[in-house]
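See structure below.
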2 protein chains.
Amino acid sequence: IEEENISGIRESLEGTNEADVASLLDELEMEEVLYVLRVLEHEFAADVLIELDEESQFKLVQEMESEELALLLDSMESDDAVDILHQLVVKDREDVISHLQEKEKAGHIMELLRYEEGSAGALMAKEFIKANLNWTVVQTIDEIRRQAENVEKIYSIYVVDNKESLLGRVALKKIILGSANTKIKDIFEEDIISVPTYMDEEEIAEIMRKYDLEALPVVNAKNKLVGRITVDDVLDVIREQAEEDMQAMTGISDDVEESDSVFRLSKARLPWLLIGIFGGLMGARIIGVFNDGLSKYIQLASFIPLITATGGNVGIQSSSLVVQSLAAKSVFAESIGKRFAKVLLVAMLNGIVLGAVVFGTVVFVYGNEVKFGIVVGFALFSVVLLASFMGTVTPIVLDKFGINPAMASGPFITTANDLLGLAVYFLVAMMLLNL
Amino acid sequence: IEEENISGIRESLEGTNEADVASLLDELEMEEVLYVLRVLEHEFAADVLIELDEESQFKLVQEMESEELALLLDSMESDDAVDILHQLVVKDREDVISHLQEKEKAGHIMELLRYEEGSAGALMAKEFIKANLNWTVVQTIDEIRRQAENVEKIYSIYVVDNKESLLGRVALKKIILGSANTKIKDIFEEDIISVPTYMDEEEIAEIMRKYDLEALPVVNAKNKLVGRITVDDVLDVIREQAEEDMQAMTGISDDVEESDSVFRLSKARLPWLLIGIFGGLMGARIIGVFNDGLSKYIQLASFIPLITATGGNVGIQSSSLVVQSLAAKSVFAESIGKRFAKVLLVAMLNGIVLGAVVFGTVVFVYGNEVKFGIVVGFALFSVVLLASFMGTVTPIVLDKFGINPAMASGPFITTANDLLGLAVYFLVAMMLLNL
């Protein structure tokens, strides 16, 4: 491709879908990508730039001249343009905006930049079709014609009153089937779901999924229609969310993929592993304290992995249930007291079953003393109770502090649970065995 | 609500969104839900039935008369009707289908029932608008009018030739803006993405996300247009997928939520915990074998949690990276040999760093012998290598056998990794310390 054959590049790429071109360019060096984008038509180059991965976007955007970038932003919908501008420092953003040809779009972009990242305001686009309550179908079609170039996908037409307040929507289908002089107010549906500008993007994703929406109008505090969120933006939010949760649980810090370099992969994984190691070394200290008792009763050592593993499993199960209901925002459907009573009951039930199984095996299969079986069984029961409690409380506390609650299933908390479990195990043993 | 006040129920519910009504009904007893559905208008009742959760749907559908259910299915799009029918045994399905009023829909439903669950064929609906290449805009609008009742959301109009082969699409926007006699062939876009009936639903979700599509046409082996998948179906697929992965990782077997009963919650969590317990008991056996050596060198016990925890963390990290690239279908971008060489290199790098840190702490901070430091450090290095290998191979093998690869991060594999780690640790110790 890189033989500087301009018309060849144009021909081979412009028939292709922009997402495919972007996947291709993501594999190339930055200078090559820049070269290809400069060769392509502005509009197509803008589409490709949107689809590139964040790393390539970031590098490209730093390298481009303000005028050049402004030219591409002129062909984008406002929400995509804002995503690109977020890659620049504030000073450069203003420089690029000052070079935009379309003054209306420049205003839209500046408005969107003000909203907090991750809110409805930051996710929405200013491009959508609205119709006044008193317009006729013909007037509305004129508006669609006027806006057709700016609005890529129409979905519904939003109906507003003279104060721009959102009243409802008309499906495009009804516009086609309506006669020319039908008034909008006679065919629109009042039943419409809208969200405020400050709503969190995860909540928006859940609303769009629950109500099967492909677009969602955004209103300000006065119910004035200010933007529209489309389902394609939300699909990306859902994917990013799932990846973040997975990363929080596995403790892989950067956004790495298997195809990254060995060094980058190691670096992303080491910090969390080191936390685990630190926990393990602390654990060694805890066990070291009980070395005297341990040497008198060497079988105690055998059940260390049983205790830590069960504590870990119970903790992860508890926290993932909480994370799931936090995501569905249903956490406070029941009162806090009732919830904890339930967690306690489940933990006791599981703890009794598991403790009994272990007691039976230790005494009747492995042939240890009854007293020793009681120690291991009871310690296990206590660890299940403790791990359930920690697993339930931690994600709720993290969420309160604005941290991703999926972190509660990550190495940090698992390690803390291990240490607590070890301490409980040996304390129970020391007491019951009089060591 | 349940004072048998028919018009009261109708009034209070029919203004509400069907998804909200469904959430409300999910909390009620089955007889009450059945009563409410019978009171509502058929069309609205059908919408609500679609939105109920699977458990309530299942119970309701078993209880309803065939005629009654057929009446509701008549008001549904074909893909939703098929989802409901999947809750019945084959004999009852046929009975219900025979009671459908609309014979065309009955045919559609029977066709869709033939496709394998989880494939494009099972996900698609037969309701969509298609236009012949040679039609004019006016003819197309007539077709939309004819189909308007059946097709809830139009999105695009698919363009076919006389043999029903898919050629492209026209945006609804262009139909509105086109003049009456414009031919479809002059305004349609040839650039269209379609999928075959047998494609897997996860792949479909990825395609719709990547190309920002709200609807995707489905074609058979002869490129004949046979159905359409809409983005709302795919949002549900993505959510179910994320939940399944989470469940596989945390080992919560049934599809439970925090709001379920104590007994149900315990039952869903116990099977995996018991596997963990079984592993722990096996671990006790392994350590028991080395009891003699252990009593001579009691510090060995202290580092058991360090070894098992690190093995677990490394294994989960490795497997989740593989699961992530399996999901993105990019696994075989590099050759198998190259991939494993890379996994090995990353593991060695991490193993050396972690082993060195532990060696340093054990010897210089905790004041153990150099020989003992070497034992713990080298055992840790070996465990990192082994856990990386197992964490990488397991999901690939599971995937080959058609099992969800996210299982590889679940308790079963973690437990196996723990046991391997223990064996390696003690074997290394026995050899190096001559016990």
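All chains are named by letter (A, B, ...) in the order of the sequence lines, taking the proteins before the strands, and each is independently numbered beginning at 1. In what follows, every heavy atom counts, from backbone to side chain, and hydrogens, waters and symmetry copies are set aside.
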(Q) Under a 4.5 Å cutoff for heavy-atom pairs, which residue among Ala309(B), Gly276(B), Ser295(B) has the most contacts with chain A? (A) Ser295(B)
Q: Can you tell which part of Ile175(A) gets under 4.5 Å to a heavy atom of chain B, answering side chain, backbone, both or neither?
A: side chain
Q | Greatest number of heavy atom pairs closer than 4.5 Å to chain B - which of Asp191(A), Leu294(A), Leu281(A) | A | Leu281(A)
**Q.** Residue part contacting chain B, namely of Leu380(A), when any heavy atom lies under 4.5 Å
**A.** side chain
Q | Part of Thr361(A) lying under 4.5 Å from any heavy atom of chain B | A | side chain
Q: Evaluate the side-chain proximity of Arg269(A) to Ser318(B): yes if any heavy-atom separation is below 4.5 Å, no if none is.
A: yes
Q. Do the side chains of Ile287(B) and Phe303(A) get nearer than 4.5 Å, heavy atoms only?
A. no
Q: Apply side-chain contact (heavy atoms from CB on, under 4.5 Å) to Leu235(A) and Leu235(B), showing your working.
A: CA-CA 8 Å; Leu235(A) 283 178; Leu235(B) 283 178; 3.4 Å; yes
Q: Evaluate the side-chain proximity of Ile192(A) to Ser156(A): yes if any heavy-atom separation is below 4.5 Å, no if none is.
A: no
Q: Please flag which part of Tyr155(A) lies under 4.5 Å from any non-hydrogen atom of chain B: side chain, backbone, both or neither.
A: side chain
Q. Heavy-atom distance under 4.5 Å to chain A: side chain of Ile141(B), backbone, both or neither?
A. both
**Q.** Leading residue by heavy atom contact count with chain A [cutoff under 4.5 Å; candidates Leu349(B), Leu172(B), Ile286(B), Asn313(B)]
**A.** Leu172(B)
Q: Against chain A, work out which of Gly283(B), Gly312(B), Pro305(B) has the most heavy-atom pairs shorter than 4.5 Å and name it.
A: Pro305(B)
Q) Relative to chain B, which segment of Ser23(A) carries a heavy atom at a distance below 4.5 Å: side chain, backbone, both, or neither? A) side chain
Q: Report yes if some heavy atom in the side chain of Leu354(B) is under 4.5 Å from a heavy atom in the side chain of Leu270(A); otherwise report no.
A: yes
Q: Taking the side chain as every heavy atom from C-beta outward, state whether Val343(B) and Val322(B) have any pair of such atoms under 4.5 Å apart.
A: no
**Q.** Check: Thr230(A) and Glu214(A) side chains under 4.5 Å, non-hydrogen atoms
**A.** no
(Q) Can you tell me which portion of Lys174(B) sits under 4.5 Å from chain A's heavy atoms? Options are side chain, backbone, both or neither. (A) neither
Q) Atom CG of Asp20(A) and atom CD1 of Ile193(B): how far apart are they, to the nearest 0.5 Å? A) 7.0 Å
Q: Sort Asp233(A) into side chain, backbone, both or neither according to what part of it lies under 4.5 angstrom from a heavy atom of chain B.
A: neither
**Q.** Structural part of Ile304(B) lying under 4.5 Å from a heavy atom of chain A
**A.** side chain
Q.
Heavy-atom pairs under 4.5 Å with chain B: which of Leu306(A), Leu274(A), Val358(A) has the most?
A. Leu306(A)
Q. If you tally heavy-atom pairs under 4.5 Å against chain B, which of Leu419(A), Ile176(A), Ile238(A), Ile154(A) wins?
A. Ile176(A)
Q) Using non-hydrogen atoms only, which part of Glu51(A) is less than 4.5 Å away from chain B: side chain, backbone, both, or neither? A) side chain
Q: Taking only Lys NZ, Arg NE, NH1 and NH2, and the carboxylate oxygens of Asp or Glu, determine whether Lys153(B) and Asp232(B) approach each other closer than 4.0 Å.
A: no
Q) So which of Ala301(A), Ala19(A), Ser266(A), Gly279(A) has the biggest tally of heavy-atom pairs under 4.5 Å with chain B? A) Ser266(A)
Q | Test log, rule side-chain contact (heavy atoms from CB on, under 4.5 Å), inputs Leu273(B) and Gln317(A) | A | CA-CA 9 Å; Leu273(B) 291 179; Gln317(A) 286 190 342; 3.8 Å; yes
Q: Could you go through the side-chain contact (heavy atoms from CB on, under 4.5 Å) check for Ile50(B) and Glu18(B) one step at a time?
A: CA-CA 9 Å; Ile50(B) 296 167; Glu18(B) 56 265 18; over 6 Å; no
Q | Among the listed options Met208(A), Arg209(A), Gln299(A), the residue most often paired with chain B at heavy-atom distances under 4.5 Å | A | Arg209(A)
(Q) With a 4.5 angstrom heavy-atom cut-off, is it the side chain or the backbone of Leu345(A) that approaches chain B, or both, or neither? (A) both
Q) When heavy-atom pairs shorter than 4.5 Å are enumerated against chain A, which of Val357(B), Leu177(B), Thr308(B) gives the highest number? A) Leu177(B)
**Q.** Part of Ile307(A) within contact of chain B (heavy atom distance under 4.5 Å)
**A.** neither
**Q.** Portion of Val231(A) that has a non-hydrogen atom of chain B nearer than 4.5 angstrom
**A.** side chain
(Q) With a 4.5 angstrom heavy-atom cut-off, is it the side chain or the backbone of Ile298(A) that approaches chain B, or both, or neither? (A) both
**Q.** Residue, of Thr415(B), Ile277(B), Val376(B), Val234(B), that accumulates the most heavy atom pairs under 4.5 Å with chain A
**A.** Ile277(B)
Q | Largest heavy-atom contact set with chain B, pairs under 4.5 Å, which of Ser302(A), Gly280(A), Gly288(A) | A | Ser302(A)
Q | Any side-chain heavy-atom pair of Val346(B) and Ser388(B) under 4.5 Å | A | no
Q) Is it the side chain or the backbone of Val353(B) that comes within 4.5 Å of chain A heavy atoms, both, or neither? A) side chain
Q) Is it the side chain or the backbone of Leu300(A) that comes within 4.5 Å of chain B heavy atoms, both, or neither? A) neither
**Q.** Part of Val314(A) within contact of chain B (heavy atom distance under 4.5 Å)
**A.** both
(Q) Taking side chain as everything from C-beta outward and backbone as N, CA, C, O, which of these in Asp418(A) sits under 4.5 Å from a heavy atom of chain B? Side chain, backbone, both or neither. (A) side chain
Q | Contact winner vs chain A - Tyr211(B), Tyr366(B), Phe278(B), heavy-atom pairs under 4.5 Å | A | Tyr366(B)
Q. What are the two closest heavy atoms between Ile144(A) and Lys173(B), and how far apart are they?
A. CG2-CG, 4.4 Å
